[in-house]
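Read the structure below first, then the notes.
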Amino acid sequence: MDLPLPTPENLGVVASETSTCNELAVATEHCTTTNTALMVSSTDAVREVASIRAAGCPAVVVDTRHWHAATATEAAPTELHDGLPLYDLDEWATAALDASHATAILTPSRFVPLGQRQVLQAVLAATAEATVPNLVTLVATDAAALDSRHLADFLDDLANTPARQLAFIFADKRTPLASYDRLRGLRTLLQRFPGSWIIGVDILTATDAIAHGAGWVAVGASSARRWPRRPGDTGGQPLAKGFLPGLFLRPVLDTRSPDVYADWYANSPSPFCDQCNRPLDLFEATDFDKPNIIRHNLHAARDLAAEITAQPADQRPGWLNQQRVEAFLRHASLSSQAAPVEADRTLRALCELDDPEMRETSPAGRWK
């Protein structure tokens, strides 16, 4: 399926109007000005997307988010099923696309619990006969499906579905993919199903997926959208230290509260963003500054993705690994009296995954 998503770097953004940090407005502005594809993931996505498209955003994808509210069963694999199909999937998709003027829409799949192979097969079967061109089959499941002990069965079940565009959401209570085993599993998935969409991830996972063959990746504008949770998971993710969103800092490839960076860089020059024209360790917990953090993250993610895709395709993984190793080692040059400097767990896992000597990392930015 060749969907018209105008994103040369294969990187998009997923956001929702439910954020307290005005993330959807910021994401819409970013995507409109940079010709980047936006996904709106909420129960009100059809109406929100209609408004966004009317305002001129070039490409918007609808996720009606049924996967977050309900667990799939063999009898009810999607929101349109309850023993028997309640609505025709093509008719549902056509009506939603007409109402929203969206570029594409995800199937209203429900969440597939870990290890429920017959349920996954039911979700795939229920969506296999759809013929609407811009309807994308969504598989939303537990991130543990990428663990070594589950991966082979997961890939075998996926291989039995008719070839069509697949989009994946991997959820867990916290940081679903911040694991050596799961990141390796995601690469294997992309090797078996190149061109797949990966929805709702952090910048480190998104850029690794781009380097390893993802067709489109939607990075979360907020923590709730980059760390999806399973139905019934409670607790959520609070704002970072100082009641601020996490800020992506390219030199160390970390996403932390600016207050954390203020501690880390107390004895060094403040990190500075030329595009934002401001230091990155001085933000206030205000309605003005919180959206500015999200605005910075989106352009920083796109800048990094553009650098990756500027490399020859066969050199992208190696180039990105070098960038990550350098960022990891920079943590060792920082010091903090208030809090220890600890490299992002996803960054460490990716460095370990690609290390030819199979070394482990320490949180402080050194090889063990």
Side-chain angles (χ1 to χ4, degrees), residues 7-14 34 36-37 143 146 168 170 175-220 226-227 246-256 271 273 275 296-333 342-363 365-367:
T7 308
E9 298 82 16
N10 291 352
L11 183 76
V13 179
V14 55
T34 61
T36 297
L146 296 172
F168 294 94
F170 294 106
T175 55
L177 297 176
S179 143
Y180 180 103
D181 203 25
R182 294 179 186 182
L183 290 166
R184 181 173 58 182
L186 182 60
R187 290 183 181 182
T188 303
L189 170 74
L190 290 171
Q191 185 178 30
R192 287 280 299 273
F193 301 95
S196 294
W197 291 7
I198 307 299
I199 308 301
V201 289
D202 61 272
I203 296 174
L204 288 170
T205 304
T207 49
D208 193 68
I210 289 171
H212 286 87
W216 188 63
V217 183
V219 64
R226 61 179 171 263
W227 296 322
L247 180 141
F248 180 70
L249 190 58
R250 173 62 189 277
V252 290
L253 292 180
D254 239 313
T255 301
R256 307 279 182 159
C273 177
Q275 186 165 326
H296 165 81
N297 289 346
L298 296 184
H299 89 70
R302 188 174 188 274
D303 292 346
L304 180 54
E307 290 186 57
I308 295 168
T309 54
Q311 313 301 316
D314 62 342
Q315 297 178 26
R316 290 170 187 171
W319 180 90
L320 185 55
N321 176 55
Q322 184 62 36
Q323 298 295 308
R324 288 191 294 240
V325 170
E326 292 173 359
F328 166 68
L329 295 175
R330 287 191 188 103
H331 288 78
S333 66
E342 295 186 353
D344 183 279
R345 188 67 196 95
T346 302
L347 175 62
R348 293 175 56 200
L350 288 166
C351 288
E352 292 169 354
L353 194 55
D354 290 326
D355 184 52
E357 299 178 38
M358 301 182 68
R359 293 173 293 180
E360 294 183 5
T361 59
S362 71
R366 294 180 174 86
W367 293 106

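We use all heavy atoms of the structure for the numbers below, so side chains are in, but hydrogens, waters and symmetry mates are not. Note that the coordinates shown come from a computational prediction; the quantities given were computed from them, not determined experimentally.
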Practice task
Pick out which of H331, E352, R345 makes a side-chain hydrogen bond (donor to acceptor under 3.5 Å, both in side chains) with T361.
Solution key: E352
Handout entry: Donor-acceptor contact below 3.5 Å, side chain R250 vs main chain A300
Key = no
Fill in the blank from the handout: A327 and L347 have their tightest heavy-atom pair at C-CD2, 4.5 Å
Handout entry: Atom pair CG/CD1 of N10 and I198 - distance to nearest 0.5 Å
Key = 11.5 Å
Handout entry: Under 3.5 Å: donor-acceptor pair, side chain of N297, backbone of G246
Key = yes
Problem - Side chains of L249 and R256 in contact at under 4.5 Å (non-hydrogen atoms) - result: no
Practice task
Could you tell me the separation between the CD1 atom of I210 and the CD1 atom of I203, rounded to the nearest 0.5 Å?
Solution key: 10.5 Å
Fill in the blank from the handout: The side-chain hydrogen bond (donor to acceptor under 3.5 Å, both in side chains) partners of D355 (sequence neighbours excluded) come to R359
Handout entry: Validation row: V201, F170 side chains within 4.5 angstrom (heavy atoms)
Key = no
Exercise for the section: Verify, without hydrogens or angle tests, whether Q311 (side chain) and E307 (backbone) share a donor-acceptor contact under 3.5 angstrom. Expected result: yes
Practice task
With rounding to the nearest 0.5 Å, note down the distance linking CZ in R316 to NE2 in H212.
Solution key: 11.5 Å
Fill in the blank from the handout: Shortest non-hydrogen pair, A206 vs V219, comes out as CB-CB, 4.4 Å
Fill in the blank from the handout: The reported gap from CG in D202 to CG in L177 (rounded to nearest 0.5 angstrom) is 7.5 Å
Handout entry: Student check: side-chain heavy atoms of T175 and T346 closer than 4.5 Å
Key = no
Problem - Residues R324, D354: salt bridge by 4.0 Å N-O rule - result: yes
Handout entry: Side-chain donor/acceptor of T188 to backbone N/O of R184, under 3.5 Å
Key = yes
Problem - Q323 vs T207 side-chain heavy atoms within contact, under 4.5 Å - result: no
Practice task
Quick one: closest heavy-atom pair of L253 and D344, and the distance?
Solution key: O-CB, 4.3 Å
Completion exercise
In L186, L146, I199, L189, the residue satisfying side-chain contact (heavy atoms from CB on, under 4.5 Å) with F168 is L189
Exercise for the section: Measure the CD1-CG distance between I308 and L320 for me, rounded to the nearest 0.5 Å. Expected result: 4.5 Å
Handout entry: For the student: nearest non-hydrogen atoms of A143 and P176, plus distance
Key = CB-O, 3.4 Å
Exercise for the section: Kindly check if the number of other-residue, nucleotide or ligand heavy atoms within 6.0 Å of CD (Q191) is above 12? Expected result: no
Exercise for the section: Please tell me if the side chains of C273 and H299 come closer than 4.5 Å, counting only heavy atoms from C-beta onward. Expected result: yes
Exercise for the section: Any chance you could measure F328, atom CZ, to S362, atom OG, to the nearest 0.5 Å? Expected result: 5.0 Å
Exercise for the section: State, to 0.1 Å, how close D254 and A343 come at their nearest heavy-atom pair, and which atoms those are. Expected result: OD2-CA, 3.8 Å
Practice task
Evaluate the side-chain proximity of T34 to L298: yes if any heavy-atom separation is below 4.5 Å, no if none is.
Solution key: no
Completion exercise
Tightest non-hydrogen contact, residues L183 and A349, listed as CD1-CB, 3.8 Å
